[in-house]
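Owing to the predicted nature of the structure, the values given are computational and were not obtained by experimental measurement.
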Amino acid sequence: MVEILIALIPAVMWGSILLVSTKLGGEPYNQVVGTTIGALLFSIVVYFFTTPNFTTTALIVGFISGLFWSVGQMNQFKAVAFLGVSKTLPISTGLQLVGTSLFGVIAFGEWSSTTKLTIGIGALVLIVAGVIFTSYEKSEDGEAEGKSDLAKGFTILLLSTAGYVGYVVIIRWFSIDGWTAILPQAIGMVVGALLQSIHHKPFNKYTLRNGIPGLMWASGNLALLLSIPRVGTATSFSLSQTGIIISTLGGIFLLGERKTKKQLIFVILGSILIIVGGVMLGFTKK
């Protein structure tokens with residue numbers, strides 16, 4: 001029971017980040033710089049309780065991975081302005097699952113058995129369907145404007161997805177373990193955030209506030225590393241995907257994002273399909 005609770009921490013933490021950041025306020029530049037600084041502080045503390053195997057390759061790859069993450073997170077924050085929290089995270093999660101899965105098949109030869117291939121393809125179909133359902137946009141007034149915002153938000157999330165996929169893939173490509181990557185990744189995250197924000201005066205009270213989401217992200221990452229040896233990669237990965245329910249319902253009921261009855265049904269149904277697809281992908285990791 002304790003192991004499952006630990007495995008659920010990433011879902012709770014990651015599923016709440018956009019909600020918390022939106023409530024704390026600030027522009028995407030404040031949000032991403034504050035988040036990365038919070039993550040760096042957390043990583044420095046973790047460093048003193050672990051024995052990372054730092055090599056030149058590990059330091060460089062971890063740093064570059066962090067740069068990729070900052071691109072992913074910055075653009076996820078930017079997408080909220082066009083899509084709202086209740087759409088941004090489900091669509092972003094779905095795109096990330098598709099991107100990392102396809103890269104895993106092409107670059108690492110995953111889904112080598114017929115069973116895994118069948119489950120994997122079925123999972124991707126569900127995830128794509130979930131993204132389409134979540135993206136549903138039709139209102140009685142301002143329909144053209146809504147479609148324009150959807151197109152802009154979706155385009156931004158494609159760039160975000162490229163960053164997130166790069167963040168994951170490069171670590172795996174060079175076989176860097178999670179404990180070793182934590183600190184150099186966090187340094188890369190901060191540098192990447194600053195490079196993207198340098199012309200936007202990112203330091204103000206909102207930057208300080210957004211250190212909280214950074215601590216949340218880092219604690220979720222730590223919990224994932226702790227849960228994998230306890231409950232396995234498949235279970236840990238699957239449970240971490242359920243956090244989109246928090247962001248979806250939170251965006252609607254806590255942030256007051258307006259939805260028609262039909263939009264609400266489609267967003268919730270799409271989120272469920274993405275979660276089911278994520279769970280199925282978990283089985284391909286066994």
Side-chain angles (χ1 to χ4, degrees), residues 1-24 35 38-52 69 72-73 76 85-86 88-90 92-94 96-97 100-101 119 123 126-127 130 164 167-168 171-172 177-183 185-186 189 210-255 268 270-286:
M1 182 62 179
V2 174
E3 288 82 2
I4 296 298
L5 291 176
I6 293 174
L8 282 170
I9 290 175
V12 175
M13 293 296 156
W14 296 343
S16 303
I17 286 176
L18 287 184
L19 288 173
V20 174
S21 289
T22 302
K23 275 292 187 181
L24 292 173
T35 298
L40 176 60
L41 293 175
F42 190 99
S43 301
I44 291 172
V45 173
V46 170
Y47 168 78
F48 291 103
F49 293 92
T50 58
T51 54
W69 184 93
Q73 190 62 54
Q76 192 181 79
V85 174
S86 59
T88 296
L89 194 60
S92 180
T93 300
Q96 290 173 54
L97 288 171
T100 53
S101 297
I119 294 173
L126 289 177
I127 291 169
Y164 279 131
Y167 146 75
V168 172
I171 288 292
R172 185 173 177 193
D177 74 90
W179 294 109
T180 299
I182 285 179
L183 185 55
Q185 265 182 342
M189 288 159 59
N210 277 279
I212 296 173
L215 297 175
M216 293 170 62
W217 180 86
S219 60
N221 193 43
L222 175 62
L224 184 65
L225 291 174
L226 292 173
S227 68
I228 287 175
R230 288 172 169 79
V231 300
T233 300
T235 302
S236 298
F237 177 84
S238 300
L239 290 175
S240 70
Q241 307 310 310
T242 60
I244 63 173
I245 289 295
I246 296 174
S247 62
T248 301
L249 298 180
I252 295 169
F253 296 110
L254 295 180
L255 301 181
I268 293 176
S271 298
I272 291 172
L273 289 175
I274 292 170
I275 289 173
V276 172
V279 171
M280 290 174 64
L281 285 178
F283 288 113
T284 68
K285 296 179 179 294
K286 287 186 176 180

Closest contact, heavy atoms only, [X] versus [Y]:
| X | Y | result |
| --- | --- | --- |
| Asn210 | Ser21 | OD1-OG, 3.3 Å |
| Ala7 | Leu239 | CB-CD1, 3.6 Å |
| Leu273 | Gly130 | CB-CA, 3.8 Å |

Just how far is it from atom [atom1] of [X] to atom [atom2] of [Y], taken to the nearest 0.5 Å?
| X | Y | atom1 | atom2 | value |
| --- | --- | --- | --- | --- |
| Leu281 | Ile274 | CG | CD1 | 11.5 Å |
| Leu97 | Leu126 | CG | CG | 11.5 Å |
| Trp179 | Thr51 | CH2 | OG1 | 10.0 Å |
| Ser86 | Leu18 | OG | CG | 10.5 Å |
| Leu225 | Ile182 | CG | CD1 | 5.0 Å |
| Ile9 | Ile4 | CD1 | CD1 | 12.0 Å |

**OP:** Answer yes or no: is there a donor N or O on one side and an acceptor on the other, between the side chain of Ser227 and the main chain of Leu224, under 3.5 Å?
**Re:** yes
Original post:
Does Ser247 use its side chain to pair, donor to acceptor, with the backbone of Ile244 at less than 3.5 Å?
Top reply: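 Here the side-chain-to-backbone pair exists.
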All N/O donor-acceptor pairs, side-chain side in residues 212-219, below 3.5 Å, sequence neighbours left out:
from, atom 1, to, atom 2, distance (Å)
Ser219, OG, Leu215, O, 3.1
Ser219, OG, Met216, O, 2.8

Original post:
Looking at Val85, Ile246, Leu89, which one forms a side-chain contact (heavy atoms from CB on, under 4.5 Å) with Ser16?
Top reply: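 So the option named by the test is Ile246.
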**OP:** Under the side-chain contact (heavy atoms from CB on, under 4.5 Å) rule, collect the residues that match up with Thr242, sequence neighbours excluded.
**Re:** Leu8, Ala11, Ile275
Subject >> Candidate pair Trp14 and Asn221, rule side-chain contact (heavy atoms from CB on, under 4.5 Å), full reasoning >> reply: CA-CA 9 Å; Trp14 296 343; Asn221 193 43; 4.2 Å; yes
Original post:
Hey, mind stepping through Ile268 and Leu249 against side-chain contact (heavy atoms from CB on, under 4.5 Å) and telling me if it holds?
Top reply: CA-CA 8 Å; Ile268 293 176; Leu249 298 180; 4.0 Å; yes
**OP:** Step by step, work out the side-chain contact (heavy atoms from CB on, under 4.5 Å) result for Met189 and Leu40.
**Re:** CA-CA 8 Å; Met189 288 159 59; Leu40 176 60; over 6 Å; no
**OP:** List in chain and number order the residues that pass side chain to side chain donor-acceptor pair (under 3.5 Å) with Gln96, two or more places apart in sequence or in another chain; answer none if no residue qualifies.
**Re:**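 Side chain to side chain donor-acceptor pair (under 3.5 Å) list for Gln96, sorted by chain: Ser92.
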**OP:** Would you please test Met280 and Thr284 for side-chain contact (heavy atoms from CB on, under 4.5 Å) and show each step?
**Re:** CA-CA 7 Å; Met280 290 174 64; Thr284 68; over 6 Å; no
